[in-house]
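One structure is given here, and the rest of the page talks about it.
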Amino acid sequence: HWKNRIQTVGDDLAYQEFKASTPSVQPNEVHWELHIFSDALYDLEGLDSIEVCDTQADYACFHAVMIRAVDEYGASGAGKLHGVCLEQLGEYAHECLHGIGHGLLSLFGYSMDGLARAVDICDNYPDPNPLMAKYGCTSGAIMEFNMRTMNSGAETPRPFSFDIALEPCLSMESRENRRACTFWQPQWWIASLKHEEPLTIAKHAGELCRAMNKNDTEMYHVCVQGIGNRISSVIDFDPSRTAEICEAIDPDPEARFVCHRSTAFRFSRYFPLEKAATACDGLSQSESERCRTRLIEAKKYDDRAANF
């Protein structure tokens, strides 16, 4: 369908039609629907299709185009694709680089060796903004290792057990790569435990974060941030349920703040800022205000990326 529409009305108008067709679709499903559109776009325009991409639906178009580009250009083309991401997004290129990581992992295979090879290449092409590195190329490789999105065009998580729940993060050699893994690992846990009750999922995720980051508070909070980044689907994208989920993860005040802040930011990619900010409720007044302030700052960063 979308390939026909792109050929008939042009890529820009077809993309506007796509956006108009998805207002009632669940936020996480829009991301995968946009992957389908972007695949059709790449079939017709190749790497030039990236000119159409924007930051909609968690940068899904950039992800999809870069995944296809790695398949076309191979590992030796990673430098070229890194340059394309920087040209398109500058210091906001992390999500574009994320797509390269997905493609590299798929190219090298779903094994610890395949992950190591993908991460080695990612290390050669770092994110232009070190503060956003946990969203970049390495994170794409780790997400693909865990979630196997390229097997079927949707998330099909690798087999889970509590015995292996901390890997591959514990095997990451550099602290930066372990930070990326620590942030994305909760996505796999949450997806694998989705048939459990929401509070049970939150409790298990918190326990796994503590087990993975003993005596390392900074990395533990990165892990809790990762839970907040992915827990929204468990609570049916309802910001008012954030407090109970964050309390179940860890009642410690600072951990709760990190959880609320991260969950609120995730909601800000789906909803108007005012609604997303209700995820900051349930904290003390001062902490709720701090959460909202951080949310506004993060949203401004997202808006700058959208207008780059």
Side-chain angles (χ1 to χ4, degrees), residues 2-3 6 11-12 14-16 18-19 22 27-75 77-107 118 121-122 125-129 131-144 147 149-150 153-155 180 183-184 187 229-230 265-266 268-270 298-299 301-308:
W2 287 118
K3 188 179 291 187
I6 293 166
D11 49 20
D12 285 329
Y15 191 21
Q16 296 309 311
F18 168 83
K19 292 177 184 178
T22 58
N28 57 331
E29 294 175 3
V30 175
H31 182 89
W32 299 113
E33 291 292 329
L34 185 46
H35 269 256
I36 293 170
F37 174 89
S38 303
D39 278 337
L41 189 63
Y42 195 93
D43 285 341
L44 294 170
E45 301 182 4
L47 189 54
D48 288 342
S49 59
I50 202 167
E51 299 284 346
V52 181
C53 291
D54 59 19
T55 62
Q56 290 287 314
D58 284 343
Y59 296 77
C61 180
F62 285 107
H63 291 179
V65 167
M66 281 297 125
I67 287 169
R68 291 288 303 276
V70 172
D71 186 55
E72 178 179 351
Y73 291 91
K80 171 184 175 69
L81 301 182
H82 180 265
V84 170
C85 286
L86 296 186
E87 181 180 347
Q88 291 297 314
L89 288 166
E91 67 174 287
Y92 310 105
H94 48 279
E95 294 278 7
C96 184
L97 301 176
H98 182 92
I100 296 175
H102 275 274
L104 289 172
L105 193 283
S106 178
L107 191 68
I121 291 178
C122 288
Y125 303 105
D127 195 285
N129 182 350
L131 294 176
M132 304 303 290
K134 64 176 178 288
Y135 298 99
C137 182
T138 295
S139 74
I142 292 164
M143 180 180 170
E144 187 60 34
M147 304 304 294
T149 65
M150 295 177 65
E155 293 179 352
F183 179 77
W184 286 96
Q187 179 185 31
N229 186 52
R230 287 293 164 177
F265 175 66
R266 189 70 186 178
S268 76
R269 288 192 162 179
Y270 304 144
K299 186 59 178 171
Y301 182 92
D302 252 15
D303 291 343
R304 288 196 299 274
N307 295 312
F308 182 77

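Scope of the values below: all heavy atoms of this structure, side chains included, with no hydrogens, waters or symmetry mates. Keep in mind that this is a model prediction, so the values were computed, not measured.
Put simply, the side chain of D302 does not reach to within 4.5 Å of the side chain of T55, judged on heavy atoms. Annotation: side chain of W184 is in contact with side chain of M143 (closest heavy-atom distance under 4.5 Å). Taking 4.5 Å as the limit, every side-chain heavy atom of H94 sits out of range of all side-chain heavy atoms of N129. Side chains of D71 and M150 form no contact here, defined as non-hydrogen atoms less than 4.5 Å apart. Residues V52 and E45 meet the side-chain proximity criterion, which asks for heavy atoms closer than 4.5 Å. A heavy-atom distance below 4.5 Å is not found between the side chains of E91 and L131. For the pair L89 and E95, the minimum side-chain heavy-atom distance is 4.5 Å or more.
In this structure, a donor-acceptor pair under 3.5 Å is present between the side chains of H98 and H102. Side-chain contact of N229 with Y135: a donor-acceptor pair under 3.5 Å is absent, judged by distance alone. Between Q56 and Y15, the side chains place no donor N or O within less than 3.5 Å of an acceptor N or O (distance only, hydrogens not considered).
Separating the NE2 atom in H82 from the CD1 atom in I121 is a distance of 13.0 Å, to the nearest 0.5 Å. In this structure, C96 SG and I50 CD1 are separated by 4.0 Å, a value rounded to the nearest 0.5 Å. Atom CE of residue M147 and atom CZ of residue R230 lie 7.5 Å apart, to the nearest 0.5 angstrom. The CG atom of D12 sits 10.0 Å away from atom CD of E51, with the distance rounded to the nearest 0.5 Å. For the atom pair CD1 of I67 and CD of E144, the computed distance is 6.5 Å after rounding to the nearest 0.5 Å. In this structure, SG in C61 is found 7.0 Å from CG in D54, a value given to the nearest 0.5 Å.
Proximity of a side-chain donor or acceptor of S38 to a complementary backbone N or O of L34 within less than 3.5 Å is detected. S139 contributes a side-chain N or O that, together with a main-chain N or O of G136, makes up a donor-acceptor pair within less than 3.5 Å.
Between R68 and D43 there is a salt bridge, since a side-chain N of the basic residue sits under 4.0 Å from a carboxylate O of the acidic one.
The minimum heavy-atom distance between V65 and Y42, with the atom names listed, is O-CE1, 3.7 Å. Nearest heavy-atom pair across T138 and A180 is CG2-CB, 4.2 Å. Of all non-hydrogen atoms in C85 and A93, the two that sit nearest each other are O-CB, 3.7 Å. For the pair I100 and C137, the tightest heavy-atom approach, listed with the atom from each and the gap, is CG2-SG, 4.2 Å. For P126 against L97, the heavy-atom pair with the smallest separation is O-CD1, 4.2 Å. Closest non-hydrogen pair, L86 versus P128, comes out as CD2-CG, 3.6 Å.
In this structure, F18 and W2 have perpendicular ring planes: the angle between them is above 60°, well past the 30° mark. Relative orientation of the Y59 and H63 rings is parallel, given thresholds of 30° and 60° on the angle between their planes.
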(request) Could you check Y92 against M132 for side chain to side chain contact (heavy atoms under 4.5 Å, CB included), going step by step and ending with a plain yes or no? (result) CA-CA 8 Å; Y92 310 105; M132 304 303 290; over 6 Å; no
